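Note that the coordinates shown come from a computational prediction; the quantities given were computed from them, not determined experimentally. Letters go in sequence order (proteins before strands), and every chain restarts at 1.
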There are 2 protein chains.
Amino acid sequence: MEQLFAHLSRYHPISDAARQAVAACFREDVHAKNDMLITQGQVCRRLYFVEKGCLRGYYHLEDKEVTHWFGFERDFVTSFHSFTTGQPSVENIQLMEGAVLWSVSREDLLRLLDTFHELERLVRIAYEKYYLRLEERYVNSQFRTAAERYEQLLEQAPHILERAPLGYVASYLGISQETLSRVRGRI
Amino acid sequence: MEQLFAHLSRYHPISDAARQAVAACFREDVHAKNDMLITQGQVCRRLYFVEKGCLRGYYHLEDKEVTHWFGFERDFVTSFHSFTTGQPSVENIQLMEGAVLWSVSREDLLRLLDTFHELERLVRIAYEKYYLRLEERYVNSQFRTAAERYEQLLEQAPHILERAPLGYVASYLGISQETLSRVRGRI
DNA sequence: GCAGACTTTTGACATCCGTCAAAAAACAAA
DNA sequence: TTTGTTTTTTGACGGATGTCAAAAGTCTGC
C-alpha cells in the first residue's frame with residue numbers, strides 16, 4: 001500500500017483525508033502466474049495497481065494473439081475501454097508472473113474523484129502521461145522497420161525484453177516472431 | 001462560443017459560474033488557409049477548439065512529412081506533448097482550410113481547473129475519450145494491410161477523405177501515397 | 001538425468017508495399 | 001482558353017517481412 005501512495009504522489013500530492021479514503025477503497029490481491037484477470041467478453045470493473053509481478057493485455061486478431069501492452073511494478077492496468085465505458089472487454093489480461101495487485105472498483109473510484117478534487121486532478125494528470133506514452137508508441141511504430149522498433153524498445157523499455165517471451169514482444173512491436181528473432185540475431 | 005459550450009456539455013454539465021469563467025478565458029481567432037498555428041521548435045501554449053474549418057498536425061521523419069492527426073469542427077487540437085509538458089513542439093500544426101478557432105492558454109486553463117472541480121472532471125472525461133480514440137487508431141493500424149486501413153477510414157472517418165489531400169491521408173494511415181492510390185482504385 | 005512441452009532459431013519462398021520516375025488529371029491564375 | 005502548379009495515377013522493380021515448416025534450444029517435473 002505504501003508503494004501505491006508513493007506512486008500516486010508522484011502525480012500529485014495527496015492530503016491525509018484523501019489518503020484515508022483511498023486506503024479504504026483499495027484492496028490487495030495475490031495472483032498466480034498465468035491467471036486470467038479478465039477474459040474477453042467480461043466487463044472489467046476494477047483498476048489495478050501492480051505492486052509486484054507483471055502482466056499483459058492481449059486480443060485476438062484472426063487466429064493470432066496480439067499483445068498490446070505490458071504492465072510491471074508501479075503501473076496501473078485495466079481493460080481501459082471496458083473499464084471506462086462499462087462494455088464487455090475485447091481484450092484479455094493475463095499474469096505473466098505471480099503478482100501482488102491493489103485494485104479499486106469503478107464505483108469506488110468515481111466516488112473518490114467526486115469527493116476529492118485533488119484526486120480528480122491526480123487522475124487527470126495521470127491520463128495526460130498515459131496519453132503521451134501511447135502517442136509516443138504510436139509514432140515510434142509507424143514507418144519504422146522491424147530493426148528500428150526493436151532498437152527503440154531496447155532503449156526505452158529493456159525490462160520488457162527481460163521478462164516477456166519473444167512471441168509476446170513481437171506482436172507488441174507489430175512484427176512476426178520470426179522477424180524479431182532474426183533482427184535480434186543481427187545486432 | 002455557443003458551439004464550444006454545446007460541445008463541452010456533452011462531456012459533463014457546466015454550471016453558470018463555470019460557464020462565465022470559461023467565457024472570460026477563451027478567445028476567438030480567425031486563420032487563413034495554410035497558416036501555421038505552431039511550427040516545430042515552438043512551445044505550444046494554447047488549446048484550440050475548432051468552430052469552423054480543419055487543420056492537421058504533422059512531423060518530419062527523414063525527409064518526409066507525416067500527418068498524424070486531423071482536426072475538424074468540434075475537435076480540440078493542440079500539440080499535446082508541448083502543451084502539457086511546456087517543451088518545444090516536435091510537430092507542426094497547419095490550417096488545411098480557413099478556420100474559426102477558440103483558444104485558451106495553459107495558465108488560464110489550469111486556473112479554471114483549479115477553481116472548478118466540475119471542469120477538472122470534464123477534462124478528465126474528455127481525456128478518457130481521446131485516449132480511447134487513439135487506442136483504437138493504434139489497434140486498427142497494427143497488423144492491417146493498406147486496403148484494410150483504407151476501408152476502416154472510409155467507415156469511421158469518411159470526412160477526412162473528403163477534405164484532406166491523399167498525400168496527407170496516406171501518411172496518416174502509415175502507407176505511401178502510391179499504395180493508397182492503388183488501393184483506392186481497386187475498390 | 002530424462003521425457004515432454006514450450007520457446008526460439010533457421011531456412012525457403014511468396015508477396016505486399018515502398019521507391020523512383022513519368023504520365024495523367026485536377027486545379028488555379030492570368 | 002492557356003499556362004503553370006499541384007495532386008493523383010500508373011508502371012517497373014527490389015527489398016523487407018510474413019508464412020509455413022522443421023530443427024535446435026530451454027525449461028520443468030518426475
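Separating the CG atom of A:Asn34 from the P atom of D:dT28 is a distance of 12 Å, rounded to the nearest angstrom. One can place CG of B:Asp63 at 13 Å from C1' of C:dC20, the figure rounded to the nearest angstrom. Distance A:Arg144 CZ to D:dA16 P: 17 Å, rounded to the nearest Å. Across the protein-nucleic acid pair, A:Lys33 atom NZ and C:dC6 atom P stand 12 Å apart, rounded to whole Å. Atom pair A:Met96:CE and C:dT7:P shows a separation of 12 Å (rounding to whole Å applied). For the pair A:Phe143 CZ and C:dC16 C1', the interatomic distance rounds to 15 Å; values are reported in whole Å.
Contacts of B:Arg149 classified as side-chain contact (heavy atoms from CB on, under 4.5 Å), with partners at least two apart in sequence or in another chain: B:Arg144, B:Leu173, B:Ile175. Scanning for side-chain hydrogen bond (donor to acceptor under 3.5 Å, both in side chains) contacts around A:Asp114 gives B:Arg121, with sequence neighbours left out.
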Exercise answer: donor-acceptor pairs, residues 86-95 of chain A side-chain atoms, under 3.5 Å, sequence neighbours excluded:
residue: A:Ser89; atom: OG; partner: A:Ser79; partner atom: OG; Å: 2.9
residue: A:Ser89; atom: OG; partner: A:Glu91; partner atom: N; Å: 2.9
residue: A:Ser89; atom: OG; partner: A:Glu91; partner atom: O; Å: 2.7
residue: A:Glu91; atom: OE1; partner: A:His68; partner atom: NE2; Å: 2.4
residue: A:Glu91; atom: OE1; partner: A:Trp69; partner atom: NE1; Å: 3.2
residue: A:Glu91; atom: OE2; partner: A:Ser79; partner atom: OG; Å: 3.0
residue: A:Asn92; atom: OD1; partner: A:Gln40; partner atom: N; Å: 2.8
residue: A:Asn92; atom: ND2; partner: A:Tyr58; partner atom: O; Å: 3.2
residue: A:Gln94; atom: OE1; partner: A:Arg56; partner atom: NE; Å: 3.1
residue: A:Gln94; atom: OE1; partner: A:Arg56; partner atom: NH2; Å: 2.9

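B:Gln142 and A:Ser141 share no donor-acceptor pair across their side chains, judged by distance under 3.5 Å alone. Side-chain contact annotation: A:Glu120 with B:His117, donor-acceptor N/O pair under 3.5 Å present.
Helix-axis bend for the helix from C:dG1-D:dC30 to C:dA30-D:dT1: the local axis fitted to the five terminal pairs at one end deviates from that at the other end by 50°, rounded to 10°.
Classification of A:Glu128 and A:Arg124 as a salt-bridged pair holds, one side-chain N sitting under 4.0 Å from a carboxylate O.
No more than 12 heavy atoms of other residues, nucleotides or ligands lie within 6.0 Å of CZ in B:Arg45, so this atom counts as exposed by the packing criterion.
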For each nucleotide in nucleotides 5-14 of chain D, reading 5' to 3', give B when a protein heavy atom comes within less than 4.0 Å of its base, S when such contact involves only the sugar-phosphate, and - otherwise. ---BBBBB--
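A cation-pi arrangement is not found for B:Arg184 relative to B:Tyr150, the charged atom failing to lie both closer than 6.0 Å to the ring centre and inside a 45° cone about the ring normal.
The aromatic rings of A:Phe70 and A:Tyr172 lie tilted to each other, with the angle between the two planes from 30° to 60°. The aromatic rings of B:Phe72 and B:His159 stand perpendicular to each other, their planes meeting at an angle above 60°, with 30° marking the opposite boundary. Between A:Phe76 and A:His7, the angle of the ring planes lies from 30° to 60°, which puts this pair in the tilted group.
Contacts between residues 169-176 of chain A and DNA chain D, defined by a heavy-atom separation under 4.0 Å, are made by A:Gly174, A:Ile175, A:Ser176.
Side-chain nitrogen and oxygen atoms of A:Lys64 include none within less than 4.0 Å of the OP1 or OP2 phosphate oxygen of D:dG18.
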